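Every chain is numbered from 1 and lettered A, B, ... according to where its sequence line falls, protein lines coming before strand lines. Treat the numbers as computed from the prediction; the structure is a model and nothing was measured.
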Amino acid sequence: MKFTQLGEFEELVLLTIGALQDNAYGVSIKNEIQDKTERKVSIGALHSALNRLEKKGFVNSHVGGAKAERGGRRKRFYTITLIGQQALLKNYQLRTDLIKLIPNISIDR
Amino acid sequence: MDKAQPPKFAKWLLKKFCREEHLEIFLGDLEELFYQRINTMGVQNARWIYTKEVLSLFRPFALKRIQFRSKTNQTVMLLNYLKIAWRNLFKHRIQSSINILGLTIGILVYLFLYQYVQFERSYDKWHTNVSEIYRLRFDRIYEDKHDKSAGITPFVGPYLKQEFPEVLDYTKLWQFGGNSILQYQDISFRQENIYYADSSFFQVFSYPLKAGSPSQVLSDVNTMVLSERVAQKLFGNEDPIGNTVKFNSGGSFREYVISGIAENSPENTHLKFDVLLSFKTLVQATDGRAHDFLLGWNAFLTYLKVQPGTDKDLLEQKLEAFTEKYYARMKERNIQPLLLLQPLESIHLESNLRFEPEPNGNGKMVSFLLILAFFILAIAWFNYVNLATARTSERTKEVGIRKVAGANRLDLVRQFLLEALLINGISIILAVGLLVLLQPIFNSMIGKDLPLSILYSPIHMVEILGVLVFGALISSIYPAGILASFSPVKMFSNKKVQFKGINVRRGLVIFQFAISIILIAGTLVVSKQINFMRNQDLGVDLDKVIVLNGPDIVDSTFTARFNSFKEEVGRLNAISGHTNSTTIPGREITWVNNSVRWAKRPETEVNSIPIMGIGPGFFKTFQLETIVGRTFSEDYQQDSNRVVLTAAAARKLGFTSPEAALNEQVRDGDYLFEVIGVTEDFNQQSLNMDYHPVIFRYLPNSISYFSFKVDTDDYAQVLASLESQWKAQFPGNPFDYFFMDEFFDRQYKADLQFGQIFGIFSLLAILIAILGLFGLSTLLIARRTKEIGIRKVLGASIQSLFIHLSLGYLKLVLVAIIFAIPAIYYLGQLWLNNYAFHIKITWWVFIIPAFIVTLIAITTVGYKSIKAALANPVKALKHE
């Protein structure tokens, strides 16, 4: 089924949301990804991915936390759902399984 | 210090396109990031990135849903109709592409031809006073023929202005025959389109002047007006006004002062000039003859400008009194003279008289092409009607549900009309695109530089859109009506709905076939006629004849030089005959004397017969056979007082046979000539004209054209030797040569182009018809899948199935052939009657197109039939 697929960028976003725990919203996710991967992420691409993740049911969102530096506007916080966690685990499993099949590679190195 | 702000424009833009639910979050995120960035990269960069980020949010999920202002039921349904129409377009890909392709081709052809016709009809309409300008036309009605001439004696124009208050002004022109040489300092070249014109020329007509005043430019003796291109050639970037140009007329140079520069004549005028010489010069050069000649010299084009609101018929009636008074002598000779007014705007398409400044268009052909375009469009629309009615049964369920849900007939009709408009709209857009792309190819085909007028002229655009929308509506209203008329109860019952409109469909297919047959036959007739004309024995042999334009720059030593040139050329082995003459075959003979008669006949029985002056060797060079007597020879001293007649000229002068004319005297005005021989007739001009009677006079010094019959294929060698002789004897004269057969063929250019256009558009029409037939047979055979399956199971062979499935169409073809035959005959004769010499319409003109169309029908239908017949019957029986 199409919706359970997790794209590469989507996976990155999902992982970041998990890592940020309670403080996962647009700006923080963007900054985190940029810090960790050194790749430029446009706000459009990010929100587009978040929108897709929510449609697929991998994340939930709620609104809150208005702040002055945002002009008094609220944030949209994201949390991983159970399906999201499973999808992450499934991807992780798949990768580790596959990577074990490649000789001369050791994850523990 | 003010706090830096995010860019206002970007913010505004985001608010415009972004969906409400996301807006707050996005603005918040962006602003937060903006203030972070100010610290690291400065305000300017941060603002720039803010804008970029806003643009990155331009994504489908974030965009506002398009909202229609009034969400009435009407608009909602309209959107639904469009959606369904769009889906149907893709669901039935083959049918849709057949419809769109057919319509696109049809519309494209229509647009092309429409532009062509509009262009042909736009001739001279751009003159400011076009409706008040008439050209005088002079008819002479003989007992056996009706001669129509645009030329008239120079006296008429001034007289009419003086006598009739309605005539405000006149301008007369005399075309300088052929071409002549212009010379300025060391630049000299041969130029065509030269006229002597009255000083009123630029006041009567609206040809724009680049320099000079319209009322002044031609008012003095020895002044001239040049077209821009000629001025450019002579003077480059220098200012030509006031400079003196030498112009060669009748063997001697005269100097003209340039008094004006005219813009190049537009393509759409019947009178295209490059050099205008003041008429007063001509009057002076001819000792006044060009001014007051009443009879005789009658090659002057005379245009009148009349009082606004003048009644043409009334003025023509008044002109009768004028002819009564001044042409009484003609009446004595049983010739009825008639002076008529030809409206300026109708000259290009409706006149075709003697002395036309350029070959005219043919109004009938132009209208015919427009009708052809309509027929091609009709074929494409009929495809739509056929396919749409044939498909009705597929859509009965949809219509049923719509009806049950409350749609009334009008709603349904509206829906199907919209579908038709969608298909037509797509086709129009494609056709216009193709038109723009293909216009240059079309232009080179017709040899004219047509503007893309439909794209720039609002009137044309409205007219075309009117036709197209009207056609789309008409072609869709019938299928829409059928669909809307079904009763919903029947639609849901398992019984197959009876198709309606089978007869209409058959009728339309017959029409398409009939048109196709007529078009193929037409193409055949046109190409056969053209071939016939080009291969017809003209009476003269034009093969391997090279012609040189005679020298214009001559002096007192000319005769000696001319003789030594002839002598040198005569020594060349490769040249088997050579001659010099005042004109050549393929040109209208403008030297026509009006008072020629057999000396024994009374003075009242004079004829007007063209005269050709020739040197020795003419008959040998052009292989014109003598029937009786001899031709001219240098051995006889007196030959300049003798003439040779063609058989037609002998008949015209009243001799009962060629032999009877021999040694008789022919009188031309005050001169007496002895007939020494009579030749076969020959075609001086293309075969749409009859044999001209021609009188040959011996003028061994005529220098307009030199013709050489070549006896080898090595033209380069011959031309090289001719050129070296030419350069030696006539220095300063350009060496201009052409091949006689090509020159003669030029007269058929218009016919060839017509044939080409006709052929291509016939092909397209047939292509559209094939497309339609293919689509229709696909649909109908698909519906009979089950029937075919059952027949096969019961033992029908493939052949019998093929015959069974194709027979219906063959019957239609047969009916179409029956309808087409009389139409082919009638239209073919109509066209062929334009030609004095033409082919007869024989049986093969009917058989070949009928055969081709039958073959096409069988292949198209047969392909589908055989495919259906070969299919596995089990699959067919599972169908539905």
Phe17(B), CZ atom: more than 12 neighbouring heavy atoms under 6.0 Å: yes

Heavy-atom closest pair, residues Arg59(B) and Ser42(A): NH2-OG, 4.2 Å

Salt bridge between Glu32(B) and Lys30(A), side-chain N to carboxylate O under 4.0 Å? no

Is it the case that atom CG in Asp97(A) sees more than 12 heavy atoms from other parts of the structure closer than 6.0 Å? yes

Starting at CG of Leu30(B), measure out to CZ of Arg73(A) and round the result to the nearest 0.5 Å. 9.0 Å

NZ on Lys75(A) to CD1 on Ile25(B), rounded to 0.5 Å: 10.5 Å

Residue pair Arg70(A) / Leu27(B), side-chain heavy-atom distance below 4.5 Å: no

Side chain, backbone, both or neither: which part of Ile49(B) has a heavy atom under 4.5 Å from chain A? neither

Within a 6.0 Å radius of atom CG on Leu63(B), are there more than 12 heavy atoms belonging to other residues, nucleotides or ligands? yes

Quick check: do His47(A) and Phe61(B) have side-chain heavy atoms less than 4.5 Å from each other? yes

Should the heavy atoms of other residues, nucleotides or ligands under 6.0 Å from CD of Glu38(A) be counted, would the total exceed 12? no

Quick one: of Lys67(A), Arg74(A), Arg52(A), who has the most non-hydrogen atom pairs under 4.5 Å with chain B? Arg74(A)

Which value, rounded to the nearest 0.5 Å, describes the distance between Leu57(B) atom CG and Ser48(A) atom OG? 9.5 Å

Quick check: are there more than 12 heavy atoms from other residues, nucleotides or ligands sitting under 6.0 Å from CZ of Arg39(A)? yes

